[in-house]
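Here the structure is laid out as structure tokens; the discussion comes afterwards.
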Amino acid sequence: MKPVFAFSAVCTLIVIFVAVKAEQKSKNCNEVKAAYSSKGFNVNDVPNKGVHGSHLKVCPQGFSCCTLEMEEKLSQQSRSDLKAPVSQLSSNLQNTFTQRHRHFDQFFRELLDNAEHSLHDMFVRTYGVMYVKNAELFKHFFKELRRYYASGSAAVHLESMLADFWAELLERMFRLVNVQYEFSDEYMECVSRHTEQLKPFGDVPRKLRLQLTRAFVAARTFIRGLALLPDVVGKVSTVSASPSCVRAAMKMLYCPYCSGQVALKPCQNYCLNVMRGCLANQADLDSEWNNFLDAMLSLAERLEGPFNFESVIDPIDVKISEAIMNMQENSMQVSQKVFQGCGQPKPSMAFRSTRSIKDSGFTGRFRPYSPDTRPTTAAGTNLDRLVTDVKKKLKHAKKFWSTLPDTVCAGERVAPGDECWNGTAKSRYESVVMGSGLANQVSNPDVEVDVTKPDIVIRHQITVLKTMTSWLKAAHSGNDISFINEEDGSGEESGSGCDSPSCETDLYFSTPVPVKPRVDEVVRSRPDNKPTGSAQVAPFSLLLLLAGLLLALLTPNAR
């Protein structure tokens, strides 16, 4: 029995010796030195051989290639490494919609510029000097359209502006087609008051008002939505990581270094639990984010269809010229109605009886351009192409925040099966994977998350998205929502956590403030065809009676 016992003892010693040799080899820190140095740290911080890790605060306290100083430096590195993929994905999303916003904005503005140039060229050819003398009216018209596009009804009440334009155009044309008469300012005010009743331009003003309002509301609101997207992404993605999250990232990313296994990647489910804990607040944004994107997609379809900005603005010169033609063709009837309502005007002393009205009046005729001669925008595209492209991007952005941990914990960042780091060793990760969102992190085994304290910056962005969604839905119905403080406000640093409306920047290209809106209906017609929002025009019959009395008093025979 003794020889057998002696043989057993020898075998045991051999096994222990081999194990010690293997452990010493595994605790050689040369690979750690190389990896640690590649991160930009001083290679002299790393011990040549493994030491006992009782001093460590995060990593396992067995044999280790890390000192306490190394652990602290790697913890700081883990903060950056944790943010890097989130920052990259967020930046890609920001850049995508910043670029689309720029394309749409450039396209809309150039459509207005081209429409003005086209009208000018057409009217110079068609009406010559008569147009040139009145060109400032049309310049002002386009200037106001640009102001409305830029700032909305806070700067320009579109319906009132259009009414003023047609009233002024009527005054000028009325003088031109009745050049044999003299008209005082008071007389022309009487003419302007009856623009709606006279309908000298036919149905063009009414149709154009509806088309312009819907198209501008849709374009402005869509542009605002595109500007909001990168703004929200920027604020949400820069929310700082909590200390417990940094600790969890250190344990996941760099504790394998300390154990001498620099090439070991974390298990996928382990990574998911860490990232879902660290991005819990961001995931809570997802529901309102998706609602907002759905509203953007619905409004995009309106831009392709009945609220198409390009199809309204591009032929605006043709529509205005059509209105002028209507006035020319009905000038005699219009003049007679005005004379009946405002009184017979005095003949012009300067008018020569030998000169016919045809030679003196506004006799230009509209000659349309071929569509091929219309200028192309510098954007080099059309609205349909822009909308088709942005719809793809909007759909791709859905569920961005809830799937962000899955996107990060993929590819070369993780390892499958048992050949991965589970937080303590190279082995399978056994814990249950938590769901997305703050409420699901109560039992997260790898990150301590305070579910009672939602991040204030992200909660504010949820409110911002709700407000913008309501604007988009209103625009989808053809309604314009304007805010009292639409052009006011002070700047806010991204991720500052400011939760007050006063902290917001200019609302046209920044975060909207959730305040009580005013809704301007697009369709304002009433059954009695009376104008809304202004003083009621006196009945035409009453004006006729008053004009008759005035003429009787002014006639010498009546004295």
Side-chain angles (χ1 to χ4, degrees), residues 97-98 100-101 104-105 108 145 147-159 210 212-236 285-309 312 383 386-387 390-391 393-394 397-398 459-489 492 499-524:
F97 287 105
T98 297
R100 267 64 188 179
H101 171 267
F104 270 87
D105 184 52
F108 289 147
L145 287 181
R147 285 183 65 213
Y148 181 71
Y149 171 75
S151 303
S153 54
V156 177
H157 192 281
L158 186 61
E159 185 173 345
L210 292 175
L212 281 174
T213 306
R214 289 170 174 170
F216 267 95
V217 167
R220 285 194 69 250
T221 311
F222 195 76
I223 277 287
R224 177 177 284 183
L226 288 177
L228 179 66
L229 268 161
D231 191 60
V232 170
V233 173
K235 286 181 170 65
V236 172
L285 188 80
D286 215 49
S287 176
E288 208 53 55
W289 171 265
N290 292 335
N291 291 339
F292 163 70
L293 293 178
D294 285 336
M296 285 287 288
L297 286 165
S298 294
L299 189 57
E301 292 177 359
R302 288 290 204 186
L303 283 173
E304 289 178 310
F307 298 173
N308 190 304
F309 193 82
V312 173
L383 187 58
L386 287 174
V387 172
V390 81
K391 282 169 66 177
K393 304 302 181 184
L394 290 167
K398 292 188 72 173
R459 294 295 147 175
H460 182 62
Q461 294 309 304
I462 290 173
T463 304
V464 163
L465 287 171
K466 284 182 179 178
T467 303
M468 190 69 236
T469 301
S470 70
W471 293 0
L472 292 164
K473 289 180 178 178
H476 184 271
S477 300
N479 298 326
D480 186 15
I481 298 183
S482 60
F483 290 75
I484 295 172
N485 58 343
E486 186 168 6
E487 293 187 314
D488 299 331
E492 175 188 1
D499 203 24
S500 168
S502 63
C503 296
E504 293 301 330
T505 56
D506 175 23
L507 294 184
Y508 178 56
F509 288 128
S510 187
T511 305
V513 179
V515 295
K516 188 176 181 180
R518 180 181 77 248
V519 179
D520 294 331
E521 296 288 343
V522 167
V523 181
R524 294 171 174 262

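Numbers here simply count residues along the sequence, with the first being 1.
- Note that CG of Leu293 is 8.0 Å distant from CE of Met296, once rounded to the nearest 0.5 Å.
- In this structure, Phe108 and Tyr149 have perpendicular ring planes: the angle between them is above 60°, well past the 30° mark.
- Nearest heavy atoms, Val217 versus Asn479: CG1-O, 3.3 Å.
- Taking each heavy atom of Leu158 and Leu145 in turn, the nearest pair found is CD1-CD2, 3.9 Å.
- Across all non-hydrogen atoms, the minimal contact from Tyr148 to Ser153 is CE1-N, 3.6 Å.
- Residue pairs meeting the salt bridge (Lys or Arg N to Asp or Glu O under 4.0 Å) criterion with at least one partner in residues 290-300, sequence neighbours excluded, are Asp294-Lys398.
- When all heavy atoms are compared, the tightest approach of Ala218 to Leu299 is O-CD2, 3.7 Å.
- A donor-acceptor contact shorter than 3.5 Å links the side chain of Trp289 to the backbone of Ala397.
- Judged purely by atom type and a 3.5 angstrom limit, Arg302 has no side-chain atom pairing as donor or acceptor with the backbone of Ala475.
- When the shell of 6.0 Å around NZ of Lys391 is examined, it contains more than 12 heavy atoms from other residues, nucleotides or ligands.
- When atom types are taken as modelled, the side chain of Arg147 and the backbone of Ala155 share a donor-acceptor pair closer than 3.5 angstrom.
- Counting heavy atoms from C-beta outward, Phe292 and Leu229 have side chains that approach closer than 4.5 Å.
- The line from CG of Asn290 to CG of Leu285 is 9.0 Å long, rounded to the nearest 0.5 Å.
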